[in-house]
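Chain naming here is simple, since letters A, B, ... match the order of the sequence lines and numbering starts at 1 in each. Nothing here was measured: the structure is a model prediction, and the numbers come from that model.
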2 protein chains.
Amino acid sequence: MAKLTTQRQALLDIINASHRHWDADELARAMSDAGQSIGIATVYRGLAALESQGLIDSIQLADKKRYERADKAHHDHMVCTECGHIEEFSHQTIEQLQLAAAHEKGFTLTGHQLVMFGLCHQCAKGSES
Amino acid sequence: MAKLTTQRQALLDIINASHRHWDADELARAMSDAGQSIGIATVYRGLAALESQGLIDSIQLADKKRYERADKAHHDHMVCTECGHIEEFSHQTIEQLQLAAAHEKGFTLTGHQLVMFGLCHQCAKGSES
DNA sequence: CAGATAGGTGATAACGATTATCGTTATGTC
DNA sequence: GACATAACGATAATCGTTATCACCTATCTG
């Protein structure tokens, strides 16, 4: 039902063109910078459509949702609490253990999100006393 | 620095008296029901204080933060997207693999949160067509 | 082509959880 | 008791996100 309009294609292109994790505001600004201004509501609607079509992925952080390209295998995230840097990692065994744990509790799993918090290499170095 | 005032003690007691995962609003209402009305700002401040003192734990869900007792070993959560039921589970191996993965990426881990989404046993049964 | 239908768009209001502000109040210390 | 420090409560403010509503656009059907 949802259409891949010109604007949604542009959002998708921006997201696919980098490995960043974008929030709605950043995407609106990026569109603006590229000469195609876009309403913020349209950004949210477009992102929701793209995500439900599986064309992009997202992670829900404490304050906001961030979107990323979906053309990679499932992975989880490590967020630096100092600089906001996001590192990705995937671990097959963890995924399998999660499935087993869910099954054990009688849950039918539809998704999951693992976010690890800490200091990235850079920030850990910087904060040595 | 933070004081364990009468109100904060009462919040702590409510949380410790059950295995529920409370949000700020529910706690304010519970206090009210118990005859000690409390300002919502005070609830938030109290919860932040209790959490930073390690007296309670919290999980950040997509929409809001929920608080739970801290007297158990670390665990993660499974949330039923239908009824909101939260099931807890802990998995030693997953924890260890997370630590290893973080180390590999040069991250100094300070915390993590794993939330799994799906249908609980009850809701899975109910939605069979 | 005309009209119908289904979505999409954008400005903006509304929402909901959380935090900030600020005057007041309780607690602890000399 | 007087002063300092933190907590409290009402309420305004913040901020990400969603709803509303009045257009607009594309596609289909005859």
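Spacing between atom CD of Gln7(A) and atom P of dT25(D) amounts to 11 Å, rounded to whole angstrom units. Atom pair Ile38(A):CD1 and dA11(C):C1' shows a separation of 14 Å (rounding to whole Å applied). For the pair Leu47(A) CG and dT18(D) C1', the interatomic distance rounds to 14 Å; values are reported in whole Å. With rounding to whole Å, Gln36(B) atom CD is found 16 Å from dA26(C) atom C1'. For the pair Arg45(A) CZ and dC24(D) C1', the interatomic distance rounds to 12 Å; values are reported in whole Å. In this entry the distance linking CG of Leu27(A) with C1' of dT17(D) reads 15 Å, nearest Å. Nucleotide dC8(D) holds its C1' atom 11 Å from the NZ atom of Lys3(B), rounded to whole Å. In this structure, NZ of Lys64(B) is placed 10 Å from P of dG16(C), rounded to the nearest angstrom.
Here the side chain of Tyr44(B) is nearest to one of dG10(C), dT11(D), dA17(C), namely dA17(C). Of the candidate nucleotides dG10(C), dT18(C), dT21(C), dG10(C) has the atom nearest to the side chain of Thr42(A).
Across all strands, Arg8(B) comes closer than 4.0 Å only to sugar-phosphate atoms, never to a base (heavy-atom distances). Looking at heavy-atom distances under 4.0 Å, Thr5(A) makes contact with sugar-phosphate atoms alone, never a base. Counting any heavy atom pair closer than 4.0 Å across all strands shown, Ala49(B) reaches no nucleic acid atom. Asp63(B) comes within 4.0 angstrom of the backbone, heavy atoms only, and of no base.
Nearest-nucleotide assignment on DNA chain C puts the 5′-proximal partner with Val43(A), out of Val43(A) and Asp23(B).
There is no path of hydrophobic side-chain contacts, each under 4.5 Å, that joins Val79(B) to Leu119(B).
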Exercise. Stepwise, does the salt bridge (charged side-chain N to carboxylate O under 4.0 Å, His left out) test hold for Arg29(B) with Asp33(B)?
Worked result: CA-CA 6 Å; Arg29(B) 245 177 295 129; Asp33(B) 291 350; over 6 Å; no
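The pair Lys64(A)-Glu26(A) does not count as a salt bridge, with every side-chain nitrogen at least 4.0 angstrom from each carboxylate oxygen.
Tested against Ile86(A), the residues Arg20(A), Glu68(A), Arg66(A), Met78(A) include a single side chain to side chain contact (heavy atoms under 4.5 Å, CB included) partner, Arg66(A). Results of the side chain to side chain donor-acceptor pair (under 3.5 Å) test with Gln9(B) over Thr5(B), Asp13(B), Thr6(B) single out Asp13(B) as the only residue that passes.
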